[in-house]
**Q** 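What follows is a structure written as structure tokens; I'll ask about it next.
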Amino acid sequence: MTSNPLPANSSRLGGCTLTGAISVTSHLRDTVTVVHGPKGCSHHNVSLLHASWLDNDHAVLPSLLSTGLSEKEVIFGGEDALRKAIGSAAGQEGVRAVVVLSTCVVGTIGDDVGAVCSEEYRVPVISIPSAGFLGGTFQDGMNKALIALAGTAGPCQKDRGVNIIGEMNLEFEVEENYREIERLLSLLHLPVNLRFVHNLSWDQIARLGRAELNILRSPALVPVGEYLKNRFGTPYIPSFPHGLSATLSFIREVAAHCGIDGQVALREECLRQEEMLGQFSDLRQVPVSLDRVHSGEDELLAAEELAAALDLVMGTPGTCARLPVSAAVGTAGTRRMLHRWRRAAHA
């Protein structure tokens, strides 16, 4: 059997394609996500979502429904089971749409999920191919889900505001990171039009094309940014800012895209950063090393910049305090990382 080789820069450690898609669709409030496959696929993901959401003080379980394929459907096909599940989901009170995600089993047996989803139902049914057994990753699932949902939105008149695209709904500090981006935008008097997709209603998706700028959570979402640019003509910034100088560059870039004079906002943020560094002056000249093993390139560059700004002495790993490196979003995220550094340095 021949399988597709994984690219050298692809990581299966990010999780499966189905999980990536569910991390998006489970944040649609008035929809049901139908997982077309064995019960185990749904059970695994519900357990993961429940644990992750509890970490963020979000105890509401997602609206997931499994077609529960058995050996019989795997042999003879599961399209009838899918029709039944869609009909059950669409018939629930308050449900505005149904999203169908396919699993690896379904991709193997060849069910025509798109054809079943295109049949007549009480509400719109969106098919998202999320079987990743031939090389798909968690990020692929996210991208496919975001693009499929964006395809349901039509053109609309542009308005003052910014969309936040592809938040990492399973990360521990998702709300803190959003609030920091919202704060930075407020310095430029820009409101958030839409968090696509985070705790969103089906009807709100129609506002997707209204924003004058999209801000992507990470560069891995560039395919989504390009799709939205082609569909709605909306430019995008490819990532949340990590670290001190990147935060200032973020303000400049947003201001330039939106035709705003950002000098006042930049001065205010520079003062905030200087004040923050002064509050951690006890770290100056402390011998430390950075945790480089579990750090991405952008995060590590931001941490090195911060260490230089505080005059930390970079020592040999194993002989001095080892500082954790996190994806510190903006100035507020950098402050949280500094608190972790202080605890590690003075332990």
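From a predicted model like this one, the values you see are computed outputs, not experimental measurements. In this chain, residues are counted from 1 in sequence order.
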**Q** Under 4.5 Å between any side-chain heavy atoms of Val34 and Leu82, yes or no?
**A**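 SC-SC contact between Val34 and Leu82 confirmed.
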**Q** Hydrophobic clusters here meaning ILVMFWY residues chained together by side-chain heavy-atom distances under 4.5 Å, can you tell me if Ile237 and Tyr178 are in one?
**A**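 Yes: a chain of side-chain contacts under 4.5 Å links Ile237 to Tyr178.
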**Q** With salt bridge (Lys or Arg N to Asp or Glu O under 4.0 Å) as the criterion, how do Arg183 and Glu180 come out once you've worked through the C-alpha distance, each side chain's angles and the decisive distance to 0.1 Å?
**A** CA-CA 5 Å; Arg183 181 188 70 80; Glu180 174 65 354; 2.9 Å; yes
**Q** Could you check whether any side-chain heavy atom of Val106 comes within less than 4.5 Å of a side-chain heavy atom of Val113, counting everything from C-beta outward?
**A**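 With C-beta onward as the side chain, the pair touches.
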**Q** Taking all non-hydrogen atoms of both residues into account, name the closest pair between Ser66 and Lys39 and its distance.
**A**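 For Ser66 versus Lys39, the nearest heavy atoms are OG-CA, 3.8 Å.
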**Q** Nearest 0.5 Å please: distance from the CD1 atom of Ile22 over to the NE2 atom of His27.
**A**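 Interatomic distance, Ile22 CD1 to His27 NE2, rounded to 0.5 Å: 12.0 Å.
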**Q** A side-chain contact here means heavy atoms from C-beta on lying under 4.5 Å apart; do Val254 and Leu213 qualify?
**A**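 They are in contact (side-chain heavy atoms under 4.5 Å apart), so the answer is yes.
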**Q** Is Thr137 reaching over with its side chain to a backbone N or O of Asp140, donor-acceptor style, under 3.5 angstrom?
**A**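 Yes, the answer is positive, given that a donor and an acceptor are paired below the 3.5 Å cut-off.
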**Q** Test your reading of the model: is there a side-chain donor-acceptor pair from Trp202 to the backbone of Leu28, 3.5 Å cut-off?
**A**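 Not confirmed, Trp202 side chain does not pair with Leu28 backbone.
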**Q** Just by distance, do the side chain of Arg231 and the backbone of Ala153 share a donor-acceptor pair under 3.5 Å?
**A**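 Yes, the answer is positive, given that a donor and an acceptor are paired below the 3.5 Å cut-off.
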**Q** Measure from the ring center of Tyr236 to the ring center of His257 and say whether it is less than 6.0 Å.
**A**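 No; His257 has its ring centre 6.0 Å or more from that of Tyr236.
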**Q** Would you kindly confirm whether Ile164 and Ile205 end up in one hydrophobic cluster when ILVMFWY residues are joined by side chain heavy atoms under 4.5 Å apart?
**A**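 The answer is no; the residues belong to distinct hydrophobic clusters.
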**Q** To the nearest 0.5 Å, what is the distance between OG1 (Thr331) and CG (Leu338)?
**A**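 The CG atom of Leu338 is 10.5 Å from OG1 of Thr331, to the nearest 0.5 Å.
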**Q** Give a yes or no on this: more than 12 heavy atoms of other residues, nucleotides or ligands lie within 6.0 Å of atom CD of Glu297.
**A**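 No, because the 6.0 Å sphere around CD of Glu297 holds 12 heavy atoms or fewer from other groups.
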**Q** Is Ile215 reachable from Leu208 through a run of hydrophobic residues whose side-chain heavy atoms are each under 4.5 Å from the next?
**A**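 Not linked; separate clusters.
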**Q** For the hydrophobic clusters of this structure (ILVMFWY residues joined by side-chain heavy atoms under 4.5 Å, transitively), does one cluster hold both Leu64 and Met142?
**A**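 Result: yes, single cluster for both.
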**Q** Hey, any chance Val329 and Leu216 share a hydrophobic cluster, counting ILVMFWY side chains that come within less than 4.5 Å of each other, even indirectly?
**A**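 Not linked; separate clusters.
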**Q** What's the spacing between Cys270 SG and Arg272 CZ if we round to 0.5 Å?
**A**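 Nearest 0.5 Å value for the SG-CZ distance: 12.0 Å.
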**Q** Does the side chain of Asn230 pick up a donor-acceptor pair with the side chain of Glu226 at under 3.5 Å?
**A**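 There is no such pair between these side chains.
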**Q** Using a 3.5 Å distance criterion without hydrogens, assess whether the side chain of Thr17 forms a donor-acceptor pair with backbone atoms of Ser130.
**A**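 It does not hold such a pair.
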**Q** Does any N or O in the side chain of Gln204 come within less than 3.5 Å of the main-chain N or O of Ser201, such that one atom is a donor and the other an acceptor?
**A**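 Checked: pair present.
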**Q** Any chance you could measure Phe250, atom CZ, to Glu269, atom CD, to the nearest 0.5 Å?
**A**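 With rounding to 0.5 Å, CZ (Phe250) is 10.5 Å from CD (Glu269).
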**Q** Answer yes or no: is there a donor N or O on one side and an acceptor on the other, between the side chain of Asn143 and the main chain of Ala220, under 3.5 Å?
**A**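 Checked: pair present.
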**Q** For Thr19, which residues count as a side chain to side chain donor-acceptor pair (under 3.5 Å) partner, sequence neighbours excluded?
**A**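 Testing Thr19 for side chain to side chain donor-acceptor pair (under 3.5 Å), a comparison that skips the adjacent residues, returns Asn45.
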**Q** Between the side chain of Asn169 and the main-chain N/O of Ser23, is any donor-acceptor distance below 3.5 Å?
**A**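 Indeed, once roles are kept as given, a pair shorter than 3.5 Å links the two residues.
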**Q** Is the closest side-chain heavy-atom distance between Ile128 and Thr25 below 4.5 Å?
**A**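 Result yes, sub-4.5 Å side-chain heavy-atom pair found.
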**Q** With a 4.0 Å cut-off on N to O distance, would you call Glu79 and Lys84 a salt bridge?
**A**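 No, this pair does not count.
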**Q** With salt bridge (Lys or Arg N to Asp or Glu O under 4.0 Å) as the criterion, how do Glu175 and Arg195 come out once you've worked through the C-alpha distance, each side chain's angles and the decisive distance to 0.1 Å?
**A** CA-CA 11 Å; Glu175 291 298 334; Arg195 296 174 73 178; 3.4 Å; yes
**Q** Can you name the closest pair of heavy atoms from Ser239 and Ser218 and give their distance?
**A**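 That would be OG-CA, 4.1 Å.
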**Q** Taking the side chain from Asp159 and the backbone from Ala211, do they hold a donor-acceptor pair closer than 3.5 Å?
**A**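 Between the backbone of Ala211 and the side chain of Asp159 there is no qualifying donor-acceptor contact (under 3.5 Å).
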**Q** Which pairs count as salt bridge (Lys or Arg N to Asp or Glu O under 4.0 Å) when at least one residue sits in residues 334-347, sequence neighbours excluded?
**A**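 Residue pairs passing salt bridge (Lys or Arg N to Asp or Glu O under 4.0 Å), neighbours aside: Glu173-Arg336, Glu173-Arg340, Asp282-Arg342.
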**Q** Consider only side-chain N and O atoms of His36 and Thr67, and report whether a donor and an acceptor are under 3.5 Å apart.
**A**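 Yes - a donor-acceptor pair under 3.5 Å links their side chains.
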**Q** Check this for me: does any side-chain nitrogen of one of Glu299 and Arg292 sit under 4.0 Å from a carboxylate oxygen of the other?
**A**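 Looking at Glu299 and Arg292, the cut-off is not met.
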**Q** I would like to know whether Val197 and Leu149 meet side chain to side chain contact (heavy atoms under 4.5 Å, CB included); could you show each step before the answer?
**A** CA-CA 9 Å; Val197 172; Leu149 294 174; 4.0 Å; yes
**Q** Looking only at heavy atoms, which two atoms of Leu184 and Pro241 are closest? And how far apart?
**A**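 Closest approach of Leu184 to Pro241: CD1-CG, 4.2 Å.
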**Q** Do Cys156 and Arg207 come close enough that some side-chain heavy atom pair is under 4.5 Å?
**A**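 A side-chain contact is absent here, since even the closest heavy-atom pair is not under 4.5 Å.
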**Q** Do any N or O atoms from the side chain of Arg83 and from the backbone of Cys117 form a donor-acceptor pair under 3.5 angstrom?
**A**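 No, because the side chain of Arg83 does not come within donor-acceptor range (under 3.5 Å) of the backbone of Cys117.
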**Q** Answer yes or no: is there a side-chain heavy-atom contact under 4.5 Å between Asn177 and Glu167?
**A**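 Asn177 does not reach Glu167 side chain to side chain.
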**Q** What closest approach, in Å, do Arg252 and Leu266 show between heavy atoms, and which atom pair accounts for it?
**A**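 Heavy atoms of Arg252 and Leu266 come nearest at CG-CD1, 3.6 Å.
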**Q** Any side-chain heavy-atom pair from Ile109 and Phe76 closer than 4.5 angstrom?
**A**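 In short, these two side chains do not touch, never coming nearer than 4.5 Å.
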**Q** Could you pull out the closest heavy-atom pair between Gly166 and Leu146, with the gap in Å?
**A**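 Heavy atoms only, the tightest pair is CA-CD1, 3.8 Å.
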**Q** Is Arg217 reaching over with its side chain to a backbone N or O of Ile165, donor-acceptor style, under 3.5 angstrom?
**A**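 It does not hold such a pair.
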**Q** Kindly indicate whether the side chain of Trp341, heavy atoms from C-beta on, has any atom under 4.5 Å from the side chain of Pro324.
**A**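 Yes, side chains in contact.
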**Q** Atom CG in Leu190, atom CD1 in Ile181: separation rounded to 0.5 Å?
**A**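 Going from CG on Leu190 over to CD1 on Ile181, the span is 12.5 Å.
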**Q** Apply side chain to side chain contact (heavy atoms under 4.5 Å, CB included) to residues Arg29 and Ser63 and explain how you reach the verdict.
**A** CA-CA 8 Å; Arg29 291 198 301 266; Ser63 297; over 6 Å; no
**Q** If I compare all heavy atoms of Arg122 with all of Val95, which pair ends up nearest, and what's the gap?
**A**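 Reported closest heavy-atom pair: NH2-O, 3.5 Å.
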**Q** Quick one: pull up CG in Leu18 and SG in Cys104 and give me the separation to the nearest 0.5 Å.
**A**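 These two atoms lie 8.0 Å from each other.
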**Q** Of Lys229, Arg210, Glu212, Lys158, which is the lone residue that meets side-chain hydrogen bond (donor to acceptor under 3.5 Å, both in side chains) with Thr234?
**A**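 One option only clears the test, and that one is Lys158.
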**Q** Which is it for Val162 and Asn193 under the side chain to side chain contact (heavy atoms under 4.5 Å, CB included) test, yes or no, and what are the steps along the way?
**A** CA-CA 5 Å; Val162 174; Asn193 174 60; over 6 Å; no
**Q** Between Asn214 and Val224, is the side chain to side chain contact (heavy atoms under 4.5 Å, CB included) condition met? List the steps.
**A** CA-CA 10 Å; Asn214 289 327; Val224 181; over 6 Å; no
